[in-house]
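Comments concern the structure below.
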Amino acid sequence: MKAFLFSLLLSLFAYVSPAQRLFPDRITGRWTGMMKIWKNGTVQDSVFVILNVRAIGSDGWQWKMEYKSAMNPMTKDYTIRLKDRAKHQFVTDEGQGIELEDYVFGDRMMSMFETGDIWLTGSQEISGENLIFQVT
């Protein structure tokens, strides 16, 4: 089974390399793992998460994340579309007119978004057999 690691951490990167396959194609499948919420260097909470990624046509992918919380279970069901292959640029469509710009840098896809008055950075990184999903 594939491992899926998810944590709220700061992550920096500095290189771009062309991939043989598009990033979403490289993470197609089912990923599972514990989401850990950090504050001041300490885990504050955790919840089991299931991520399913599947191709929709040649330039689209379904990105479905299930949070298996006993108190607040939820499912986030998004669509990722290729916007510009040469620029390694994608769009995550969250529905209701909300779209995020995503860029691939090597083994990592990143985006910036605002929720409330807070700007966040999201990244998904392939590391060996693991997918590390971070929001900072």
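Predicted model, so just to flag it, every value in this text is computed and none were measured.
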**OP:** Please step through side-chain contact (heavy atoms from CB on, under 4.5 Å) for the pair I37 and V43, ending with a clear verdict.
**Re:** CA-CA 6 Å; I37 301 170; V43 175; over 6 Å; no
**OP:** Evaluate the side-chain proximity of Q124 to W63: yes if any heavy-atom separation is below 4.5 Å, no if none is.
**Re:** yes
Original post:
In this structure, are over 12 heavy atoms from other groups packed under 6.0 Å from I98 atom CD1?
Top reply: yes
Original post:
Would you say the side chains of E125 and Q134 form a donor-acceptor pair under 3.5 Å?
Top reply: no
Subject >> Salt-bridge present (D45, K36; N to O < 4.0 Å) >> reply: no
Original post:
Any side-chain heavy-atom pair from F23 and I126 closer than 4.5 angstrom?
Top reply: yes
Subject >> Partner set under side chain to side chain contact (heavy atoms under 4.5 Å, CB included) for S69, not counting sequence neighbours >> reply: V47, M71, N72
Subject >> Residues which pass side chain to side chain contact (heavy atoms under 4.5 Å, CB included) with K39, listed by chain and number, not counting sequence neighbours >> reply: Q44
Subject >> Co-members of W119 in a cluster of I, L, V, M, F, W and Y side chains, linked at under 4.5 Å >> reply: M112
Subject >> Which residues share a salt bridge (Lys or Arg N to Asp or Glu O under 4.0 Å) with K64, sequence neighbours left out >> reply: none
Original post:
Within a strict 4.5 Å, meaning less than it, do heavy atoms of the T32 and F48 side chains meet?
Top reply: yes
Original post:
Below 4.5 Å, heavy atoms only, C-beta onward: do D102 and M110 meet side chain to side chain?
Top reply: no
**OP:** Identify the heavy atoms of I132 and S127 that sit nearest to each other, and give their distance.
**Re:** CD1-CB, 3.9 Å
**OP:** For residues W61 and D25, determine if any side-chain heavy atom of one lies less than 4.5 Å from a side-chain heavy atom of the other.
**Re:** yes
**OP:** Using the test side chain to side chain contact (heavy atoms under 4.5 Å, CB included), find all partners of N40 that sit at least two apart in sequence or belong to another chain.
**Re:** none
Original post:
Do the side chains of F90 and L22 get nearer than 4.5 Å, heavy atoms only?
Top reply: yes
**OP:** Please report the shortest heavy-atom distance between R26 and R21, naming the atom on each side.
**Re:** CD-O, 3.3 Å
Subject >> Side-chain touch Q89/Y103, heavy atoms, less than 4.5 angstrom >> reply: yes
Only pairs under 3.5 Å count here: list side-chain donor-acceptor contacts from residues 73-80, not counting sequence neighbours, and write none if there are none.
unit_1: D77; atom_1: OD1; unit_2: Q62; atom_2: NE2; d: 3.1
unit_1: D77; atom_1: OD2; unit_2: Q62; atom_2: NE2; d: 3.4

Subject >> Members sharing I56's hydrophobic cluster (side chains within less than 4.5 Å) >> reply: none
Original post:
How close do S111 and L100 get, heavy atom to heavy atom, and via which atoms?
Top reply: OG-CD1, 4.4 Å
Subject >> Residues forming a side chain to side chain contact (heavy atoms under 4.5 Å, CB included) with Q96, sequence neighbours excluded >> reply: none
**OP:** Sorted by first residue and then second, give each salt bridge (charged side-chain N to carboxylate O under 4.0 Å, His left out) pair with at least one member in residues 88-97; sequence neighbours left out.
**Re:** R81-D93
**OP:** Answer whether the closest heavy-atom distance between the side chains of I50 and M65 falls below 4.5 Å.
**Re:** no
Original post:
Minimum heavy-atom separation for V53 to P24, with atom names?
Top reply: CG1-O, 4.0 Å
Subject >> Distance (rounded to the nearest 0.5 Å) between E99 CD and E101 CD >> reply: 8.0 Å
Original post:
Do you reckon V104 sits in the same ILVMFWY cluster as V91, going by side-chain contacts under 4.5 Å, direct or chained?
Top reply: no
